[in-house]
**Q** 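So that we are looking at the same thing, I have put the structure below in structure tokens.
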Amino acid sequence: MRCFFSSARQLYTDYVATMRAVVAVTSVLFFNVAFSPIANAQQIKSPAQYQQCAACHGASGEGNPSLNAPAIAGLSQTYLARQLVNFHSGIRGSDSQDTLGQQMQAMTKGLDKDKDIPVLVAYLANLTPVNVAQQTQGDLTNGTRYYQGKCGACHGGQAQGNEAFNAPRLAGQDIDYLKRQMHNFATGLRGTHSEDKYGRQMAMMAKTTSGKELDDILHYIAVQE
Ligand code: HEC
Ligand code: HEC
């Protein structure tokens with residue numbers, strides 16, 4: 001009997017211990033599921049291919065003005081794919097004076113166009129677009145007028161981009177980056193390659209504005225969400 005009781009007690013002790021463990025594990029699981037924030041775009045795990053990019057473009061594709069690296073989160077799939085393929089094939093970033101374009105071109109050389117670029121594009125296009133904080137000055141009334149007259153038809157009224165015209169989102173982007181691109185287009189550092197159909201289109205437009213007018217346009221873009 002004694003023996004029966006002690007083994008029964010042992011069984012009971014084991015049972016209690018097991019149940020405690022089960023409750024502990026279950027509640028850990030429950031807490032993780034119930035209280036972890038719903039996975040949003042920024043928490044999508046970045047693919048291995050993105051690790052080397054994060055050094056300049058930031059962990060969430062938010063860009064880094066001090067490294068001249070633009071924001072790339074949430075740009076359209078087609079625009080991202082075209083730029084990465086253009087850098088990779090030398091259509092963008094080949095001009096000897098385009099040092100920053102060359103820097104970015106070098107980053108794409110190790111990528112497999114068919115395997116790595118689609119993975120990067122899918123990841124980046126899914127991230128929430130950022131608004132790079134910036135201070136610009138200009139005349140908003142004139143900027144609005146010039147922007148709507150010269151740019152809005154392709155880039156959208158709020159600079160949100162327009163897939164139908166292959167024109168990327170400009171809102172939220174680092175204004176110094178946009179200004180440099182306008183200069184690059186206007187002076188032939190970008191958008192002159194014979195295969196750069198859309199870059200050539202934009203290069204034509206960039207030649208139609210400069211100086212104070214361009215600053216006003218950029219100011220209008222900077223105040224868009
Ligand atoms: C050494 C810093 C650096 C690294 C690392 C880097 N980039 Fe860049 N990236 C730049 C710079 C600078 C530019 C702007 C080039 C220019 O002025 O034309 C750029 C431009 C781009 C653009 C064009 C954005 C636009 O609006 O047209 C894309 C897309 C991009 N990078 C994606 C990537 C990806 C993907 C990786 C990783 C494979 C990567 N970058 C790694 C510095 C970097
Ligand atoms: C005819 C349509 C069209 C008009 C009008 C137009 N753009 Fe563009 N823009 C484009 C296209 C297409 C691209 C993408 C080029 C590429 O693929 O490299 C572009 C690219 C750009 C870029 C580069 C963005 C980046 O992330 O690197 C800037 C900056 C820009 N446009 C500013 C402007 C401004 C400012 C105006 C008005 C003065 C304007 N665009 C008018 C079609 C247009």
Side-chain angles (χ1 to χ4, degrees), residues 40-42 56-80 82-83 86 92-93 95 97-101 103-104 124-192 196-225:
N40 64 27
Q42 299 297 0
C56 291
H57 291 284
S60 310
E62 70 274 23
N64 185 341
S66 65
L67 297 175
N68 302 296
I72 52 177
L75 289 175
S76 84
Q77 293 217 9
T78 45
Y79 180 74
L80 284 166
R82 187 164 73 247
Q83 299 315 306
N86 284 357
R92 182 174 170 187
D95 193 287
Q97 287 174 280
D98 187 6
T99 47
L100 292 168
Q103 200 181 80
M104 179 53 214
L124 291 169
N126 248 315
L127 295 174
T128 307
V130 296
N131 235 326
V132 178
Q134 49 210 332
Q135 292 282 327
T136 51
Q137 279 172 353
D139 184 321
L140 192 55
T141 311
N142 284 341
T144 309
R145 192 159 47 86
Y146 299 142
Y147 177 87
Q148 299 302 351
K150 293 189 172 181
C151 324
C154 288
H155 288 279
Q158 281 82 48
Q160 73 274 33
N162 186 341
E163 277 292 291
F165 296 106
N166 300 288
R169 173 186 159 87
L170 305 172
Q173 185 58 280
D174 172 23
I175 292 297
D176 289 338
Y177 168 77
L178 294 181
K179 196 168 181 176
R180 188 170 74 247
Q181 297 310 307
M182 292 301 281
H183 179 263
N184 288 356
F185 278 123
T187 57
L189 268 59
R190 180 176 172 189
T192 43
D196 193 0
K197 185 174 162 199
Y198 299 113
R200 289 162 77 92
Q201 230 176 57
M202 183 52 217
M204 261 164 43
M205 290 313 304
K207 292 190 181 98
T208 70
T209 183
S210 62
K212 175 84 172 73
E213 184 186 288
L214 178 57
D215 284 340
D216 290 347
I217 290 176
L218 293 171
H219 184 54
Y220 173 78
I221 294 172
V223 301
Q224 304 308 303
E225 287 297 309

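Start at 1 with the first residue, then count along the sequence.
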**Q** Looking at F185 and G199, what are the two nearest heavy atoms and their distance?
**A**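 Where F185 meets G199 most closely, the heavy atoms are CE2-O, 3.6 Å.
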**Q** Rounded to the nearest 0.5 Å, how far does CD of Q134 lie from CG of D176?
**A**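 Here the rounded value is 7.5 Å.
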**Q** Looking at V132, is its backbone amide N or carbonyl O close enough to the side chain of Q173 to form a donor-acceptor pair, meaning the two atoms are under 3.5 Å apart?
**A**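 The answer is no, because no donor-acceptor pair under 3.5 Å joins these two groups.
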**Q** Within a 6.0 Å radius of atom NZ on K197, are there more than 12 heavy atoms belonging to other residues, nucleotides or ligands?
**A**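 Atom NZ in K197 is not packed in, count stays at 12 or less.
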**Q** Could you tell me whether the side chain of R200 and the main chain of G191 form a donor-acceptor pair under 3.5 Å?
**A**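 Absent.
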**Q** Give me the atom names and distance for the closest heavy-atom approach of H57 to I72.
**A**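 Smallest interatomic distance, heavy atoms only, reads CG-CD1, 3.5 Å.
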**Q** Can any side-chain N or O of E62 pair as donor or acceptor with the backbone N or O of S60 at less than 3.5 Å?
**A**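 Yes; judged by distance alone, with no hydrogens or angles, the pair exists.
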**Q** Can you tell me how far apart NE2 (H155) and CD (Q160) are? Round to the nearest 0.5 Å.
**A**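 These two atoms lie 11.0 Å from each other.
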**Q** To the closest 0.5 Å, what do you measure between CG (L218) and CD1 (I175)?
**A**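 One gets 5.0 Å once the value is rounded to the nearest 0.5 Å.
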**Q** Distance from D174 atom CG to N131 atom CG, nearest 0.5 Å?
**A**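 So the gap between those two atoms works out to 11.5 Å.
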**Q** Quick one: are H183 and S210 in side-chain contact, heavy atoms under 4.5 Å?
**A**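 No, every pair of side-chain atoms sits at 4.5 Å or beyond.
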**Q** Where do Q224 and A159 come nearest, in terms of heavy atoms and distance?
**A**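 Looking at all heavy atoms of both residues, the closest pair is CG-CB, 4.5 Å.
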**Q** As an exercise, state the distance from CZ of R92 to CG of N86, rounded to the nearest 0.5 Å.
**A**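 R92 atom CZ to N86 atom CG measures 8.0 Å (nearest 0.5 Å).
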**Q** Has the side chain of Q103 got a donor or acceptor atom that lies under 3.5 Å from a matching backbone atom of T99?
**A**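 It does not hold such a pair.
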**Q** Under a 4.5 Å cut-off applied to non-hydrogen side-chain atoms, are M182 and R190 in contact?
**A**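 The answer is no, as the side chains (C-beta and beyond) never meet within the 4.5 Å cut-off.
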**Q** Test K212 against every option in D215, D216, T209 by the side chain to side chain donor-acceptor pair (under 3.5 Å) rule and name the one that passes.
**A**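 Among D215, D216, T209, the one that satisfies the side chain to side chain donor-acceptor pair (under 3.5 Å) with K212 is D216.
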**Q** Compare every heavy atom of S76 with every heavy atom of E163, then report the nearest pair and how far apart it is.
**A**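 Closest heavy-atom pair between E163 and S76: OE2-OG, 2.7 Å.
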**Q** Any idea which heavy atoms bring L178 and L170 closest together, and the distance?
**A**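 Closest approach of L178 to L170, heavy atoms only: CD1-O, 3.7 Å.
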**Q** Taking atom OH of Y220 and atom CG of D139, what is their separation to the nearest 0.5 Å?
**A**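 Interatomic distance, Y220 OH to D139 CG, rounded to 0.5 Å: 14.0 Å.
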**Q** Pairing donors with acceptors under 3.5 angstrom, does anything connect the side chains of N166 and Y198?
**A**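 Note: N166 and Y198 side chains meet the donor-acceptor criterion.
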**Q** Under a 4.5 Å cut-off applied to non-hydrogen side-chain atoms, are K150 and E213 in contact?
**A**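 Of all side-chain heavy-atom pairs linking E213 with K150, at least one is under 4.5 Å.
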**Q** Measure the shortest side-chain to side-chain distance between H219 and L140 over non-hydrogen atoms and say whether it is less than 4.5 angstrom.
**A**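 H219 vs L140: side chains touch.
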**Q** Compare every heavy atom of N162 with every heavy atom of A153, then report the nearest pair and how far apart it is.
**A**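 Closest approach of A153 to N162: O-ND2, 4.3 Å.
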